[in-house]
Amino acid sequence: MTTAQPPVESRDVLDVQPTPLALLLLGREADPRSERGVECPGDLPSPSDPDLVARARAAKERLGDKVFILGHHYQRDEVIQFADVTGDSFKLARDAAARPEAEYIVFCGVHFMAESADILTSDDQKVVLPDLAAGCSMADMATAEQVAECWDVLTDAGIAEQVVPVSYMNSSADIKAFTGKHGGTICTSSNAKRALDWAFEQGEKVLFLPDQHLGRNTAVRDMGMSLDDCVLYNPHKPNGGLTTEQLRAAKMILWRGHCSVHGRFSLESVADVRARIPGVQVLVHPECKHEVVAAADQVGSTEYIIKALDAAPAGSKWAIGTELNLVRRLANAHPDKEVVFLDRTVCFCSTMNRIDLPHLVWALESLADGKLVNRIQVDQETESFAKLALERMLALP
């Protein structure tokens, strides 16, 4: 027997209240504790405006030396053409600090990158993120509250004094500050081994935040540990989903976080591209899963990938496991080599791609008109501890 449905009029007047999460997804509320923003004050130019490139050039010329534009490797070509420098997140933050004459630092990247730039630049410089919704899913997987609770778990297990936190650059300022406050350091995908070597000189265990794959790959592939030396801490489970015995036995306590782009590559992707392109070299980022890294021919950071392609001989074939904008740019820069995306399914970094030409034009024109928009500013206490962690990284041998 079919149950009768209420009339449309009745269904329309049901008192259904959307949850806070639903409101966030709809862009109707803001969460001050999250990296994601949902508001962009002012009117953006139309994405179909044929004069966008000319407007961006004109606004940049009006600003002159007052503005310095940073472009992350994963940005769209339409945006990267206006960058004064390109690079990975830490390189760009240091480049910004090296330009004290620039009043405005426009960071074409994501939120945690802009935070790092604000931490490293002077108080007189203002860091601007063209779209506040350009966050990072990986960075959002570790909040200050969750990490503080994790430290309580480690304390209750009697091992907190033995644990040194090591946080990946792809983390919020709050997590960097936690790391600095608890005697830890920051790392990049290029110097993760050096950071871990240093950490194990300070203590017996490492809490690695927030990317489990970089931590696991570095420990096992580069440092000779076993997978059994690593445990996965899940902040959504009581005690991280681990027993006290597991925590006490572990050398690497990996946070359950990952990159949504690099995490999609699989063993099937590697097998498929090898079958399609005989003789192909598989080159992947260390944020990929351990089994993918183990099956690849080469593994390295974004800068490593770029240099490897530059040095590769003409006629060589490459399948690259990293963000699609960079892979396309590398393919266009090396027409004498076959360069393909590792996975058949196209995958951009969705949050990184929020920085588009309309947002950049709006930000530059606003600054040129004397209106400061979308400033990223880290509070003084957080900045001091985060800078301490960054300085420890800079002092690594």
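Residues V284 and V270 fail the side-chain proximity criterion, which asks for heavy atoms closer than 4.5 Å. Two residues are said to be in side-chain contact when any heavy atoms from C-beta on lie closer than 4.5 Å; E287 and F265 fail this criterion. Side-chain contact between M252 and V231 is absent, with no heavy-atom pair separated by less than 4.5 Å. Inter-residue side-chain proximity for D310 and H334 is flagged as met; some heavy-atom pair is nearer than 4.5 Å. Between R344 and E268, the closest side-chain pair of non-hydrogen atoms is not below 4.5 Å. Residues L52 and P45 form a side-chain contact, since some pair of their non-hydrogen atoms from C-beta on lies under 4.5 Å apart. A heavy-atom distance below 4.5 Å is not found between the side chains of E149 and V147. The shortest side-chain heavy-atom distance between W255 and P235 falls under the 4.5 Å cut-off.
A salt bridge does not link D77 to R328: none of the charged side-chain nitrogens sits closer than 4.0 Å to a carboxylate oxygen. Ionic pairing of K181 and D174 is not present here: no N-O contact between side-chain nitrogen and carboxylate oxygen is shorter than 4.0 angstrom.
The 12-atom threshold is exceeded at CD of E101, counting heavy atoms of other residues, nucleotides or ligands nearer than 6.0 Å. Heavy atoms of other residues, nucleotides or ligands lying less than 6.0 angstrom from NZ of K91 number more than 12.
Panel note: side chain K176, backbone F385; no donor-acceptor pair is recorded below 3.5 Å. At least one donor-acceptor pair under 3.5 Å links the side chain of R76 to the backbone N or O of N353. Put simply, the side chain of R392 gets close to the backbone of G184: a donor and an acceptor are under 3.5 Å apart. Remark: the backbone N or O of H359 is not paired with any side-chain donor or acceptor of D131 at under 3.5 angstrom. The closest donor-acceptor contact from the side chain of E115 to the backbone of A173 lies under 3.5 Å. With hydrogens and angles ignored, the 3.5 Å screen pairs no side-chain donor or acceptor of N234 with any backbone N or O of G241. R375 contributes no side-chain N or O that, together with a main-chain N or O of V128, makes up a donor-acceptor pair within less than 3.5 Å. With hydrogens and angles ignored, the 3.5 Å screen pairs a side-chain donor or acceptor of K317 with a backbone N or O of P278. Side-chain atoms of N191 do not come within 3.5 Å of backbone N or O of R194 as any donor-acceptor pair. Side-chain atoms of Q146 come within 3.5 Å of backbone atoms of T143 as a donor-acceptor pair (strictly under, hydrogens ignored).
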Dump the intermediate steps for side chain to side chain contact (heavy atoms under 4.5 Å, CB included) on V273 and V340, then the final yes or no. CA-CA 9 Å; V273 79; V340 301; 4.1 Å; yes
Hey, mind stepping through D49 and R55 against salt bridge (charged side-chain N to carboxylate O under 4.0 Å, His left out) and telling me if it holds?
CA-CA 10 Å; D49 184 345; R55 289 173 63 177; 2.7 Å; yes
Under the side chain to side chain contact (heavy atoms under 4.5 Å, CB included) criterion, do F112 and S89 qualify, and how do the steps go?
CA-CA 9 Å; F112 78 80; S89 58; 4.1 Å; yes
Evaluate the criterion side chain to side chain contact (heavy atoms under 4.5 Å, CB included) for residue pair Y304 and S190; output intermediate values, then yes/no. CA-CA 8 Å; Y304 178 95; S190 299; over 6 Å; no
Candidate pair T86 and H72, rule side-chain hydrogen bond (donor to acceptor under 3.5 Å, both in side chains), full reasoning = CA-CA 6 Å; T86 59; H72 190 271; over 6 Å; no
With salt bridge (charged side-chain N to carboxylate O under 4.0 Å, His left out) as the criterion, how do R99 and D95 come out once you've worked through the C-alpha distance, each side chain's angles and the decisive distance to 0.1 Å? CA-CA 7 Å; R99 291 291 294 266; D95 286 342; over 6 Å; no
request  = Given side chain to side chain contact (heavy atoms under 4.5 Å, CB included), test L309 with I320 step by step and report yes or no.
outcome  = CA-CA 10 Å; L309 266 293; I320 311 297; 3.8 Å; yes
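Once rounded to the nearest 0.5 Å, the distance linking CZ of F90 with OH of Y168 reads 13.0 Å. Residue L120 holds its CG atom at 10.5 Å from CD of Q125, rounded to the nearest 0.5 Å. Rounded to the nearest 0.5 Å, atoms CG (L254) and SG (C230) are 5.0 Å apart. Taken to the nearest 0.5 Å, the CD atom of E391 stands 10.5 Å off from the OG1 atom of T185. Here OG of S269 is found 4.0 Å from CG of D343. Values are rounded to the nearest 0.5 Å. Here CG of N170 is found 6.0 Å from CE of M113. Values are rounded to the nearest 0.5 Å.
The minimum heavy-atom distance between P165 and T179, with the atom names listed, is O-CG2, 3.5 Å. What you find for A199 and V166 is that their closest heavy atoms are CB-CG2, 3.7 Å. Taking each heavy atom of A117 and V127 in turn, the nearest pair found is C-CG2, 4.0 Å. The minimum heavy-atom distance between A157 and L247, with the atom names listed, is CB-CD1, 4.4 Å. Scanning all heavy atoms of the two residues, the minimum distance from Q298 to A308 falls at OE1-CB, 4.3 Å.
Pairs passing the salt bridge (Lys or Arg N to Asp or Glu O under 4.0 Å) check and including a residue from residues 289-304, sequence neighbours excluded, read R274-D297.
Residues H285 and S301 have side chains that never bring a donor and an acceptor to within less than 3.5 angstrom of each other. Between the side chains of T382 and D379, at least one donor N or O sits under 3.5 Å from an acceptor N or O.
By the criterion of side-chain heavy atoms lying less than 4.5 angstrom apart, applied directly or through intervening Ile, Leu, Val, Met, Phe, Trp or Tyr residues, V220 is not grouped with M223; the two fall into different hydrophobic clusters. One hydrophobic cluster holds both M225 and L232 under the rule that ILVMFWY side chains link at heavy-atom gaps under 4.5 Å. By the rule that hydrophobic residues join a cluster once side-chain heavy atoms approach within less than 4.5 Å of another member, V67 and V53 end up as members of one cluster. Hydrophobic clustering, with ILVMFWY side chains joined whenever heavy atoms are under 4.5 angstrom apart, groups L242 together with V163. V110 and L326 fall within the same hydrophobic cluster, defined by Ile, Leu, Val, Met, Phe, Trp and Tyr side-chain heavy atoms under 4.5 Å apart, directly or through other members.
The aromatic rings of W151 and F178 sit perpendicular, their planes meeting at an angle over 60°, well past the 30° parallel limit.
The residue from T302, N325, T351 that alone fulfils the side chain to side chain donor-acceptor pair (under 3.5 Å) condition with Y74 is T302.
H73 is linked by a ring pair (Phe, Tyr, Trp, His ring centres under 6.0 Å) to nothing, counting only residues two or more places apart in sequence or in another chain.
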Name every donor-acceptor pair, under 3.5 Å, that has one atom in a side chain of residues 202-217 and the other anywhere in the protein, sequence neighbours excluded.
from: Q202; atom 1: NE2; to: W198; atom 2: O; distance (Å): 3.1
from: K205; atom 1: NZ; to: R248; atom 2: O; distance (Å): 2.5
from: K205; atom 1: NZ; to: A250; atom 2: O; distance (Å): 2.7
from: D211; atom 1: OD1; to: H213; atom 2: N; distance (Å): 3.2
from: D211; atom 1: OD2; to: L214; atom 2: N; distance (Å): 3.2
from: Q212; atom 1: OE1; to: R216; atom 2: NH1; distance (Å): 3.3
from: Q212; atom 1: OE1; to: R216; atom 2: NH2; distance (Å): 3.0
from: N217; atom 1: OD1; to: H290; atom 2: ND1; distance (Å): 3.1
from: N217; atom 1: ND2; to: H213; atom 2: O; distance (Å): 3.0
from: N217; atom 1: ND2; to: P286; atom 2: O; distance (Å): 2.9
from: N217; atom 1: ND2; to: C288; atom 2: O; distance (Å): 2.9

